[in-house]
Amino acid sequence: MATFRIKRYNPEKQAESYYEEFELDIKHGMTLLDCMNEIKWTLDGSFTYRMSCRSAICGSCAVKANGHSLLACQRQGAHLVKDDDTIVLEPLGNMKPIKDLAVDFKPFWDKIDKINPYLQPNEKAPKEERKQSPEQFRLIDDSSTCIMCGACYSDCNVLEVDDNFLGPAALAKAQRFVQDSRDGKTLERVRDLSKPGGIWDCTHCAECVERCPKPAQPFHRIKEIMTVALDQGVTNNNGARHALSFTKSVKSSGSLNENIIPVESVGIFNIKGLFDLLPVGLRMFFKGKNPPIFHKSIDDVEDVKRIYMELDE
Amino acid sequence: MKFALFTGCVAKGATRELMLSTMKSAEGLGIEFVEMKSAACCGAGVVSEKNPLLADALNARTLAIAEEQNLDLVTICSTCQGILKKTECHVDTDAAYKEKVNNVLEEGGHHYAGGKIKVQHFANVLGTEEGLKLLREKVKRPLTGLKTAAFYGCYVLRPSELSLYDNTDDPTGMEEIFEILGATPVYYDSRTKCCGFPIIMMNKDASHDMAGNALIDAVDSGADCVVTGCPLCHLSLDAYQPEIHKMNKKGCSVPILHLPQLVALALGYSSQELGMDTHVVTTTGLDKILAQ
Amino acid sequence: MIKHDVVIVGSGLAGMRAALEVCKDLDVAVLSKVYPTRSHSGAAQGGIAASLGNSEPDSWEEHFYDTVKGGDFLNDQDAVEEFVKAAPSVIYELEHLGCVFSRTPNGKIAQRSFGGHSKPRACFSADRTGHAILHALHEQLLKSAKSVKIYSEWYMHSLILDGDRCNGIVVSDIRTGAVEVMQARAVIFATGGYGRVFNITSNAFAGTADGVMSAYRAGIPIEDAEFVQYHPSGLYRQGILFSEAARGEGGYLLNGKGERFMEKYAPSRMELAPRDIVARAEQSEMDAGRGVDGKDIIHLDLRHLGKARIMERLPQIRQLGIDFIGVDCITDPLPIQPTAHYSMGGIPVDKFGQVISDAEGTPVKGFFAAGECACVSVHGANRLGTNSLLDAVVFGERAGKVALEYAKTVGHAPVNESHEKTKVLELFEEIFQQDGGECYNDIRNEMKTIMTENCGVFRDADRLKVCIETIQNLRQRYKKGKVTDKGKVFNTEVYEIIELGNMLGMAEVIATAALARNESRGGHHRTDFPKRDDQNFLKHSLVYLTDDGMEIKYKPVVITKHQPAERTY
């Protein structure tokens, strides 16, 4: 017997959510969704959540189990039982609940809309198919597996504090077009995606990689867009400047010059940005925490420079 | 125990107290660290934004150097740990890619074989049976009464297939160490979250907000201090704490320690010997708790 | 009252493809009880057929013959001809819209082998072809957002017919429970199939016959309901799909003795015989006690394909095996069994998607249907794998075109809003007021079990009679159920009850049509009439709902080029 501790919410009945417990015997082979259905169909018909395909392709049944998002149909119920014989079920995060585990996906879809989520070819279509090599297909293979389940969106650390962030799913969707050899708007796309709320606002926490039930794995896709953006010369923003400054610093000394990078990242002509750096800089200076003024190179930095010459020139 | 020590850049720069306390812990425990002085920066996942192959080549070079030293590699930064593991995975799982990378390395006299050495964070070393035994033997001043909240740092946890922790959603590795040191671990939801440091230059408010939420969570859970295995988390949580306070994050004032500082405190070193006076948030309150 | 020029119910491939046609000139609403990207078209894995000839020379003529032979000669051949001829251009068009396809080394759309097709003609995107097309079409809808209004999580209750003309539908918003009338010049149904009436099925929970049954209740017959396809490779007990692509790539089927038993049943095509034949072979093996471990299990063995090919061509299938049954097909065979998969029958339409109400082809003006809910019939008695996605796209486009042309010529007809609305409100009220002792879950389970056991791969008169009786009894019990949730907001329980009502109706239609067809053909196999009987049954069935219950009529099959011949593989 496992105890399902479920976060219930029904605005028609009461404004506050609450937890309710259900006891269920998880039989061999039951997925979490099977368990949820068993609860709904035999214990409480008002238990509410979304579901459809039960084969991990429609993206309906993402919920939080034990604090993290997952696809209910894709996981074995027994695997989720904690040491205290419970499974805690809650609605996805970063979206407002409508009832029980069903949340309002509007912000999620609105952000998908924002990245112009459709192919924009430059040339007129040929009579037959556009050619795309298997290697080119591979670049968009992973991102095109996204099922829009919202698991990444739910657990994204940036979205918890900033609604303006496009979020992992929309950015993964964007990569699918940025790196589609058939698309003609690569530069325009990476320009848009380099604006505040875009790729450079990703905090590398990799929660999305962890939660993604498919190979889409948004964080990896976001990094791929960053590389394209830098290749395309879209560098007039702190994120890009930071990446370039960082890379340059490692090239010259084999290690990071922490005195230079913040300055180069905000832009050396950005008076306000530089001014903003002052308090923390001074604070660290007075504590004796500031990085050494004379930055020291690693031993054999020449080998590092050689590798740069070979790979980054 | 003898390891190749990959210090990372920040322990040599803005958080030199991390380097200091790492060496003290090693001294106190009798662990020998051979510093990898010719290893380059791991790139922090930033060099790979510019050029993924370049980042992998630099890190494969680092792994090759550890192989040459015939020593397992130890990091003292969650980010370095995760990034080096990532390269290891990229190169080890793709023979053609490995050859490509090695072609670049060979001119500099390096060759990465793979599978010869382990890449592990200092916390992972301490968390092994041998490490825990050593800690048990060497603790001189149990940190009795000190409520410590672990802050893991994303890169040692995620992606989980590269992590050395078994349960990355609910890890216990650091807390096990705390207990042996005599401290009382505080479990709180934010301990596996992001500190916000990677976007501090791009989205300052969001960055501080993330750090602030984690700190509030730790304080609300009763923590006397937050202990991290990542110097970048330390910067975000400590050096920027005044900015965080300004964001109206009331009740999140708390000292932040590097894991080796906490270890060395229990080994009998003083807070000054461990550079704790260089922290932005004062740690004097901890001395008082320990004095009781 | 909500007003649109054209309303499309269902947002899978057929619905969205139709919407893209209509929105060129008129305002269109797409209604879905889920979100468009959650539609079950997305679960299609293996491919979409077209004689592109990218890996071997191919022709529409061969595609034509394979389809007709696969359908056991019940297909309407005039429609099949147009269907297969349209295929290549439809695929190119999808590619131009941005659909992601796996590629040949020279950059063309890759094609693989599939059951019943004599040439490798399944265009694919790894093993998630339906998903790739569904998302490509959804992207285009988002692009056309100005003229397409999407109603996600809205439920369609009934058709509004006035004589021979359709003037709209009655719907409700699942999130708020609000009932609304949608007035339209034309309505297109793309509501999918009804596999959920069976216990073992590959279908999504959404596949509950809502569209087909509301047409049926409005007096429109259901064509060829007895023809349900059992897919040979459903996951044991769960029924979810392991694509035929696994066999297309060279997978073996093994019985409990480790034998490739298809040798006995289809020696020339082996595992790549059409689905009806393979499913029957599996069931025969299991019935003879040659299932794996004596259970209803057949092994799908992919081990000899090797890790690289599995990872490249069948990655999703591998993951499904790991997640759902803990089996990695790289190292172990997958346990499978036949699973109810596809409805060859449905709402009768002509080859342009115009719904017809009788054997004479009398149109129901302003009412169109496409995809699995419709019966053109291009699939006859058994659909070939990869022809369903093609059906949805080809006839989705056609239905969109003709609905657009029609809607441009007529205005909105008056609708008695309060009357139409009241009927649906009363339905809700009836369910809420019921206070019987019956449990809907039991009713649903009993329906599914009897349908799989008595109306499954093998059927006979006795079992079908029991099945019909059981369903009729369940329909009585259904009226005495009890609902827990009486709220308006997101009340999924009440919608499941309404869906169950539709499924019970559908189950009875399927079993009744199956009992009347005293022959074996394609997906319909009667052990008491094991032979095909062209003399008496080379015809489509039409089941009507009349005041006196069900009535079955028949409609001739259109035969142009290929006379029925013996069907061996």
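Labels below follow one simple rule: chain letters A, B, ... track the order of the sequence lines, proteins then strands, and each chain is numbered from 1.
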- Task: Under 4.5 Å, heavy atom to heavy atom: which of residues 185-193 of chain A reach chain C? Give them by number, or say none.
- Result: none
Is [X] in contact with chain C via its backbone, its side chain, both, or neither, using a 4.5 Å heavy-atom distance?
X        : result
Asn37(A) : side chain
Glu12(A) : side chain
Leu33(A) : side chain

- Message: Given Glu153(C), which partner from the list Lys106(A), Arg50(A), Lys99(A) fulfils the salt bridge (charged side-chain N to carboxylate O under 4.0 Å, His left out) test?
- Response: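 Testing Glu153(C) for a salt bridge (charged side-chain N to carboxylate O under 4.0 Å, His left out) against Lys106(A), Arg50(A), Lys99(A) leaves exactly one candidate, Arg50(A).
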- Inspect the contact between Arg103(C) and Glu129(A) and indicate whether a charged nitrogen and a carboxylate oxygen are less than 4.0 angstrom apart.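 Between Arg103(C) and Glu129(A) there is no salt bridge, as every charged N stays at least 4.0 Å from the carboxylate O atoms.
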Taking side chain as everything from C-beta outward and backbone as N, CA, C, O, which of these in [X] sits under 4.5 Å from a heavy atom of chain A? Side chain, backbone, both or neither.
X         : value
Asn203(C) : backbone
Ile109(C) : both
Asn54(C)  : side chain
Thr201(C) : both

- So which of Ser102(C), Ala206(C), Ala43(C) has the largest heavy-atom pair count under 4.5 angstrom toward chain A? Ser102(C)
- Message: Heavy-atom pairs under 4.5 Å with chain A: which of Gln140(C), Lys486(C), Gln316(C), Lys33(C) has the most?
- Response: Gln316(C)
- Message: Among Ser52(A), Ala125(A), Cys53(A), which residue has the highest count of heavy-atom pairs closer than 4.5 Å to chain C?
- Response: Ser52(A)
- Query: Parallel, tilted or perpendicular for Phe105(A) and Tyr35(C), by the 30°/60° rule?
  - Reply: tilted
